[in-house]
Structures are given as structure tokens and as C-alpha cells.
Amino acid sequence: MSLTKKILIALILGVVAGVGLTFVPNNVFSAIDTYALNPVGEIFLSLIMMIVVPIVFVSIVLGTVGLGDPSKLGKIGIKTVAFYLITTAIALVIGLGIGVVLEPGKAGTFDTSNVSYEEAAAPPIMDTLVQIIPKNPIEAMSTGNMLQIIAFAIFIGVALAALGNKTRGIRNLFEQANDILVFLVNGIMKTAPYGAFALIASAVGEAGLDALGQMVMYMVAVILSLILHGLITYGIAIKVLGKASPINFYKQFFPAMSVAFSTSSSNAALPVAMKMAQERLGVKKSISSFVQPLGATINMDGTAIMQAVATVFIAQVYAEPLGLSQMLMVVLTATLASIGTAGVPGVGLIMLAMVLKQVGLPVDGIALIIGVDRLLDMLRTSLNITGDAVCAYIISEDEKRKSDNQVEQTA
Ligand code: ASP
């Protein structure tokens, strides 16, 4: 059976088992979770997280060397960031639109008198940007600071390219390290169906169905917006800019989406996402290894959608409707917030506090959506990493066309 099929079955079984577990007594669920689901899920998560930092570092170094000319990297960088910002803004508009049309905040009576949300400090956007160059690259790696690792890797890659044959040995070393990491990803992927099953069953079982209650409409609004963005925005981008079939794209990329779904972490899904993009979608290694890790950190369309719908939802619950200028403010702040949102579970909610504050809505409203956020996090993370792969695919195809043209012209 193909890996994709196995993972698909694991996903379905995971959801079914999770829903089934919501009906067993609490102590039975907690025993199953502690002694079976949690250990399997944790081991899978650790296996995959173990290789994220080395893979990002090694592949960006090699990707930068592969591109050779730093100005080419600059051009690709600008296109990548532009794609990320524009698609995130579109995602927010879709989320706001669906929120306004479906009115999830009016789909029940929400008691706001007793809700409170302890706000966690969100990193200021300027700090994230200014601190992009690591004072201590080892610390950046040990804390998994992706943007800093990316910056350091680019520096090393540029130096290796400039020094050419003089540093051939180190370049070979990186190439061999890459072979080792690819070998490990292949092995770890074989455990994905089991890990995904355990993580999903545990998450669904823990979230429970009671939390859904009045939140069903909110969930429908988020899920519908995620689907629309995936089908329409990405569909058009793949078709028009990438000149390819969106259906085939999703088919090939599916295993990566399922790992994102089960881990709720863009970072954890990164090694598989890069593998699928390079091996199945034919994205150039030099482009995939630069565009996708950057996207896992700064591009979060799914998270942006949740934030847009949540903002409209909270505005409706507190009967403080959003005006057009406030909606524009949401688009602006949430687009910027997505840059500072780390690719780990649940951070989107922390950044939501910043968006709510900007438009003067009560941060306590977040308490209403927390119960269902774990489940939505799974879905939005799948979209988050898909956006990164769409961008990598489009840029790679564009580069391929350019080099074909050059070959034709010189011939
Ligand atoms: N879990 C998301 C990710 O890793 C971030 C979030 O929305 O909380 O992409």
C-alpha cells in the first residue's frame, strides 16, 4: 500500500478513534492516552522535530550555494515575501467575508461575563525583524529560532559559493550530511501513519465534542474559509502562475498536509513538506530549501484565516460590529502578525490578542474559542504549509522557464 493511502487511513481512523474516545469515561481515556496514544505520538513528534533544525540549516546552505549568485537569492527572496504577504492578505479578506456572512457570533447566546484570557506576550514585529541576524548561531539552533537559522545558513552558503574550490571539502560535507538527513526523513516517514493516528486520536479525544456546542458555526466559518482559500486562491495560483493541475498538486503534497494536520506544527511538517515538493512536485532543491523553511516561519494563511474569523466572531458576540477601517486594520496587523508567528502549535491564538487589541476588541473573547482551537489548529496548519509549497512550486517553475528560454536564446 502506498504511504499516502496508509496515512489517509490513519487520519480517518485517528478521527474515528478520537470521537469514540470522547464517549468513554475520563479515567479510561486518560489511561489510554497516557500509556498508548501519547507515547506513540510523542516519539513520532520527537523523531520528526529532531531533524528539523539540521535539515533547515544544511539545505539552506546547499540551496544558497546552488543558486550561486547572491543577487539571484535576493530576487527570489523578494518574490517569495511578496507572494506570502499577498496570499495572507487574501486569506484574511476571505475569513472576514465569511465571518460577516455566516455571523458565527450570533449563532448562540454566549456568556461573556465570566470569560477571561491571560494574554501571553507576543513578540513585537520589529524585534523579530531586527533580531534576524543571530548574535549566537548555536543558541539560535538550540532554541530553534528559524529566522536566525535561515539567516546564518544563507551567510555560510554565500561564503561557500564565493570561496568555490577552496572550501570544496566543507561543501561535500554538507552534501553528505544532506544525504544522511534525507535517508532519515525517509525512515521516519514510514512511522508517520502510526504517529499521525496516535496524535489525532489523542487530540480529538481530549478536545471532546462538548466544546463544540455553540461553536459549531464558528468552526464551519473557519473551515469553509480554509477550503475556499485552498481551492480558489491556491488553485488559481497553481493553475495560472504554476501552469499545473491543482488536483495533482494536492494529491502529491497530501502526506505533508497530513503530518501538519497531526502535529499542528509547520516546523514539524517541514522536512516532509520539502521532500514532497522536491521529489513529487519537482520543485528545484535550491528553491524549495529556501522558500519552504522561510514560509514555515513567516507565512501562515490558515492562521490568518482563523484570526479573521475569530475577530469577526468576537466583535459579534460583544455586539461591537467592525467598520471597514477596522477590517483593513485587521488585514494589516494580522498579515504582520503572521510573520512573527512561530510554526508551533497554538501560537496563532497568542498573536490573535495583538490583532484584537489593535481594533479595540476585548482580548478576553479569546476564552470563548480556546476550547475548539486545538482542532482548528490541525486544519489551519495544513493550509499554512500548503501555501509555502505553492509558492516554492510557482517560483521553481518560473525559474525553470527562464533557464529554458536562456538555453533557447543561446542555441
Ligand atoms: N500551529 C500553527 C503552525 O504551526 C500556528 C498556529 O496557528 O498556531 O503553523
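What you are looking at is a predicted structure, and each value in this text was computed from that prediction instead of being measured. Order of listing sets the numbers, starting from 1, for every ligand and every atom in it.
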query: Is the shortest distance from a Lys or Arg side-chain nitrogen in Arg380 or Asp373 to a carboxylate oxygen in the other one below 4.0 Å?
result: yes
statement: Taking only non-hydrogen atoms of Val344 and a 4.0 Å limit, the atoms of ligand 1 in range are 1 (N), 2 (C), 4 (O), 5 (C), 8 (O)
Atom indices of ligand 1, in the order listed, that fall short of 4.0 Å to a heavy atom of Ser266: 3 (C), 4 (O), 9 (O)
- prompt: Does any N or O atom in Asn267 lie less than 3.5 angstrom from one in ligand 1, N or O only?
  reply: no
task: Please state which part of Pro345 comes within less than 4.0 Å of ligand 1, counting heavy atoms only: side chain, backbone, both or neither.
output: backbone
- prompt: For Gln252 and Asn248, does a side-chain donor sit closer than 3.5 Å to a side-chain acceptor?
  reply: yes
query: Quick one: which ligand 1 atoms are inside 4.0 Å of a heavy atom on Ser265?
result: 4 (O)
- request: Provide, to 0.1 Å, the distance between atom 6 (C) of ligand 1 and the closest protein heavy atom, together with that atom's residue and name.
  value: Gly348 N, 3.3 Å
- request: Taking the six-membered ring for Trp and the single ring otherwise, decide whether the centroids of Phe44 and Tyr194 are under 6.0 Å apart.
  value: no
message: So if I count the atoms of ligand 1 from 1 in the order they appear, which ones are less than 4.0 Å from some heavy atom of Met300?
response: 9 (O)
Numbered atoms of ligand 1 (with element) below 4.0 Å of Arg380, judged on heavy atoms: 6 (C), 7 (O), 8 (O)
field: Atom pair CG (Leu379) and CE (Met257), whose distance is rounded to the nearest 0.5 Å
entry: 9.0 Å
query: Taking 4.0 angstrom as the limit, do Lys79 and Glu399 come out as a salt bridge?
result: yes
- prompt: Counting from 1, what ligand 1 atoms have a heavy atom of Ser264 closer than 4.0 Å?
  reply: 1 (N), 4 (O)
field: Nearest neighbour in protein (non-hydrogen) for atom 2 (C) of ligand 1
entry: Thr381 OG1, 3.3 Å
query: Which residue and non-hydrogen atom of the protein lie closest to atom 1 (N) of ligand 1, and at what distance in Å?
result: Asp377 OD1, 2.7 Å
message: Please tell me whether Asn26 and Ser30 have a donor and an acceptor in their side chains that are separated by less than 3.5 angstrom.
response: no
- prompt: Any N or O on Val347 sitting closer than 3.5 Å to an N or O of ligand 1?
  reply: yes
- prompt: How about Tyr218 and Met306: do any of their side-chain heavy atoms sit closer than 4.5 Å?
  reply: yes
- line: Between Leu361 and Leu322, the two heavy atoms sitting closest are CD1-CD2, 4.0 Å
statement: Under 4.0 Å from one or more heavy atoms of Thr303, ligand 1 contributes atoms 5 (C), 6 (C), 7 (O)
message: Can you name the atoms of ligand 1, numbered from 1 with element, that are less than 4.0 Å from a heavy atom of Gly346?
response: 8 (O)
Over 12 foreign heavy atoms within 6.0 Å of NZ, Lys275: yes
